[in-house]
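Data block below; observations after.
Just so you know, residue 1 is the first one in the sequence shown, and it goes up from there. Note that this is a predicted model, so its numbers are computed, not measured.
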Amino acid sequence: MLNQRPIASYLFLIYIIFLTQGIFLLKFISFPILFFLGGIIKIEKKNYATFFYIFMFAIGLCMIIYNLGIGNIGLKGSVVGVFAIFFWAFGLINLLFISSWIRKSTLQEINWVIDNFFIFNSILCFFQYGLLMIKYRSINPFTSELGTSAGDFIIGFFSNSSVNMIICAFFFSYYMFIKLNRRNAFIAILCLLLTTYMSGILIFLITIVIYIFFIRKTTLTKRVIYLSSILFSLFLFVIISYNNVEYAIGIFSLIFEVNPPRKIVAFQETYELLSSNWLHFFVGLGPGMFSSRAAFIADGEYVSWYPSVLAWKSSLFANNHYLLWNPEVLSIDYNDGTANQPFSLYNQLLGEYGIIGFISFLALYIRHFYTKSLNKNVTILFIMFMFGFMVLDYWFEYLSVIVFFEFFCCILIKYKISSNEKNTLYGAIPTPC
């Protein structure tokens with residue numbers, strides 16, 4: 001009932017839904033909700049994650065000033081740089097807001113938001129699958145004319161199936177290892193598999209297996225049960241979408257070929273940049289200058305809404321990652337899979353902020369969530385996911401995957417703070433295992 005639930009819970013749910021949409025304007029629309037929820041409190045002492053955002057913004061701003069001073073960029077290049085560091089400011093505001101709301105809210109209110117978002121997203125996934133069944137007159141759309149592309153339409157609330165798959169992985173982990181809700185964990189993994197986002201699913205499976213057999217402390221019987229469940233899920237996946245499995249095997253076989261996938265080429269280009277001189281090694285090329293979503297947006301071809309009069313790209317971006325992902329390359333059929341996308345958070349942190357940027361990510365951002373959580377064993381799983389999924393895209397600039405990563409990690413911190421409370425939505429507070 002609405003009158004039994006604080007209005008802040010409803011507003012926060014709306015905020016999360018709007019913020020994680022692919023339409024950039026909706027992300028801005030979500031922020032007025034902050035004022036209804038009491039705004040943002042001051043930065044906490046020893047909140048290293050917020051210091052990470054501040055540091056990245058600062059180092060980015062310094063590099064813009066430096067590049068402008070030596071003539072590497074002009075007015076348009078400066079605009080691109082400011083646009084790139086704007087994402088760090090955006091992320092900082094969101095983290096402050098999420099951590100503040102979680103700290104002020106009860107565990108019942110937090111779990112209500114999680115459950116309702118998960119329910120709505122799951123319903124959307126099954127509805128989207130049902131539409132495919134109707135449109136292509138097939139119980140299994142993966143055997144229709146869509147083939148391996150059927151999973152691209154299982155996007156839930158989000159802009160694409162890849163984001164949906166990764167966030168479903170977070171939900172699965174939360175329900176399986178924190179809330180011990182096997183039903184919701186099963187629904188989460190079903191939605192995850194329906195996306196058929198092969199790169200993400202492979203990372204998910206490898207991470208879960210490593211976690212269960214080498215990190216998680218449990219009995220041999222439970223490990224056998226977990227492994228059997230994973231194998232059964234894989235068996236169903238192969239039956240439903242065998243073409244995707246064939247595609248993944250084919251891509252994997254190319255990794256060590258003379259002409260590897262463009263994702264591998266992109267990492268090679270980042271290595272060459274870092275080894276080119278000491279400045280690039282330590283602080284990178286600068287925001288929006290080498291490898292980021294901002295760089296692709298600002299080139300004038302990646303999206304339609306960026307002002308053409310401000311379109312610009314650096315020479316090193318134009319001669320490296322841009323050549324791996326431009327209209328000419330994308331005009332070739334089946335040439336746009338994840339294995340051929342140069343996008344990666346590793347490329348962004350190292351290529352545009354250097355080894356200092358990457359070390360700050362480890363020493364500030366990752367350190368914060370690991371040291372503050374109630375159960376480091378569970379937090380390790382989310383961090384392992386983070387390191388794996390970082391291969392796939394520039395997640396800090398999407399404000400979707402990162403939003404949920406921070407959301408769940410802040411909740412683990414909340415469990416530590418609230419460990420003496422007696423009641424949650426499900427009764428006594430469970431001990432994350």
Side-chain angles (χ1 to χ4, degrees), residues 12 15-16 19 37-57 88-111 113-114 166-167 169-180 207 211 215-217 345 349 357-390 395-396 399-422 424-425 428-433:
F12 187 80
Y15 170 77
I16 290 291
L19 183 66
L37 289 170
I40 301 172
I41 63 171
K42 64 180 180 180
I43 297 176
E44 301 172 85
K45 293 181 180 180
K46 296 186 179 181
N47 189 330
Y48 298 109
T50 59
F51 295 154
F52 164 73
Y53 280 108
I54 295 171
F55 180 78
M56 295 302 283
F57 184 91
W88 298 115
F90 213 159
L92 173 62
I93 293 171
N94 173 70
L95 175 59
L96 286 173
F97 174 50
I98 284 181
S99 59
S100 174
W101 182 82
I102 288 176
R103 192 164 49 254
K104 294 177 182 177
S105 303
T106 65
L107 290 170
Q108 297 98 315
E109 292 163 0
I110 294 169
N111 282 304
V113 171
I114 293 175
I166 292 173
I167 292 176
F170 292 155
F171 275 114
F172 167 80
S173 302
Y174 185 75
Y175 283 121
M176 177 62 74
F177 302 118
I178 302 296
K179 300 309 299 180
L180 311 180
T207 302
Y211 174 72
I215 298 175
R216 180 177 168 80
K217 297 178 181 179
L345 188 50
L349 291 176
F358 187 72
I359 290 175
S360 70
F361 171 75
L362 299 177
L364 296 176
Y365 190 80
I366 295 299
R367 173 191 177 187
H368 172 74
F369 295 118
Y370 177 75
T371 58
K372 294 282 187 178
S373 66
L374 170 65
N375 190 297
K376 293 176 174 53
N377 188 284
V378 177
T379 306
I380 286 173
L381 176 59
F382 283 93
I383 292 174
M384 288 171 63
F385 277 142
M386 182 71 176
F387 283 125
F389 295 141
M390 280 171 62
W395 296 123
F396 277 105
L399 278 175
S400 52
V401 168
I402 290 296
V403 171
F404 276 90
F405 172 78
E406 293 175 349
F407 186 35
F408 283 119
C409 286
C410 285
I411 292 168
L412 287 173
I413 295 173
K414 175 71 174 183
Y415 273 114
K416 181 176 182 179
I417 295 172
S418 306
S419 59
N420 293 324
E421 293 182 11
K422 299 299 183 182
T424 69
L425 181 65
I429 292 178
T431 301
C433 51

TODO: For F404 and I16, run side-chain contact (heavy atoms from CB on, under 4.5 Å): C-alpha distance rounded to whole Å, both residues' side-chain angles, the deciding distance at 0.1 Å, then the answer.
DONE: CA-CA 9 Å; F404 276 90; I16 290 291; 3.6 Å; yes

- [ ] Please lay out, stage by stage, how F396 and L345 fare under the test side-chain contact (heavy atoms from CB on, under 4.5 Å).
- [x] CA-CA 8 Å; F396 277 105; L345 188 50; 3.5 Å; yes

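Contact annotation: the side chain of V401 never approaches that of M386 to less than 4.5 Å [non-hydrogen atoms, C-beta and beyond]. Counting heavy atoms from C-beta outward, I178 and L412 have side chains that approach closer than 4.5 Å. A heavy-atom distance below 4.5 Å is found between the side chains of S100 and R103. Side-chain contact between I380 and R216 is absent, with no heavy atoms from C-beta onward closer than 4.5 Å. In this structure, the side chains of M384 and I215 come closer than 4.5 Å at one or more pairs of heavy atoms. Contact of the W101 side chain with the V113 side chain is registered, since non-hydrogen atoms from C-beta on lie closer than 4.5 Å. Taking 4.5 Å as the limit, some side-chain heavy atom of K179 sits within range of a side-chain heavy atom of N111. Under the 4.5 Å side-chain criterion, counting only non-hydrogen atoms from C-beta, N47 is in contact with T50.
Under the 3.5 Å distance criterion, the side-chain polar atoms of W395 are left unmatched by any main-chain donor or acceptor of S400. Side chain of E406 to backbone of V403: no donor-acceptor contact under 3.5 angstrom is found. Of the possible polar contacts, one joining the K414 side chain to the S105 backbone as a donor-acceptor pair under 3.5 Å is found.
Cation-pi geometry between R367 and Y48 is met: the NZ or CZ atom falls under 6.0 Å from the ring centre, inside 45° of the normal.
Considering CZ of F172 and CG of L381, their distance stands at 8.5 Å, rounded to 0.5 Å. In this structure, S99 OG and K372 NZ are separated by 11.0 Å, a value rounded to the nearest 0.5 Å. Atom SG of residue C410 and atom CD1 of residue I98 lie 6.5 Å apart, to the nearest 0.5 angstrom. The distance from atom CZ of F382 to atom OG1 of T207, rounded to the nearest 0.5 Å, is 12.0 Å. Of the inter-residue distances, the one linking I93 atom CD1 with L399 atom CG reads 10.0 Å to the nearest 0.5 angstrom. Remark: F387 CZ to F361 CZ distance equals 5.5 Å, nearest 0.5 Å.
Residues F97 and F12 place their aromatic rings such that the two centres sit under 6.0 Å apart. Ring centroid separation for the pair F51 and F55 does not come in under the 6.0 Å cut-off. Outside the 6.0 Å centre-distance limit, the rings of F170 and F407 are not counted as a close aromatic pair. Under the 6.0 Å cut-off for aromatic ring centres, F408 and F171 qualify, their centroids lying closer than that.
Below 30°, between 30° and 60°, or above 60°: for F405 and Y365 the angle between ring planes is below 30°, a parallel geometry. Aromatic ring orientation, F177 versus Y211: perpendicular (interplanar angle above 60°, classes split at 30° and 60°). Between W88 and F52, the ring planes lie perpendicular to each other; the angle is over 60°, past the 30° to 60° tilted range.
Side-chain atoms of Y53 and N94 include no donor-acceptor pair closer than 3.5 Å.
Across all their heavy atoms, A49 and L95 have their closest contact at CB-CD2, 3.6 Å. In plain terms, the two heavy atoms of K376 and T371 that are nearest each other are NZ-O, 3.6 Å. Smallest separation of non-hydrogen atoms from F369 and C409: CD2-CB, 3.4 Å. The minimum heavy-atom distance linking S373 with T379 is given by the pair OG-OG1, 2.7 Å.
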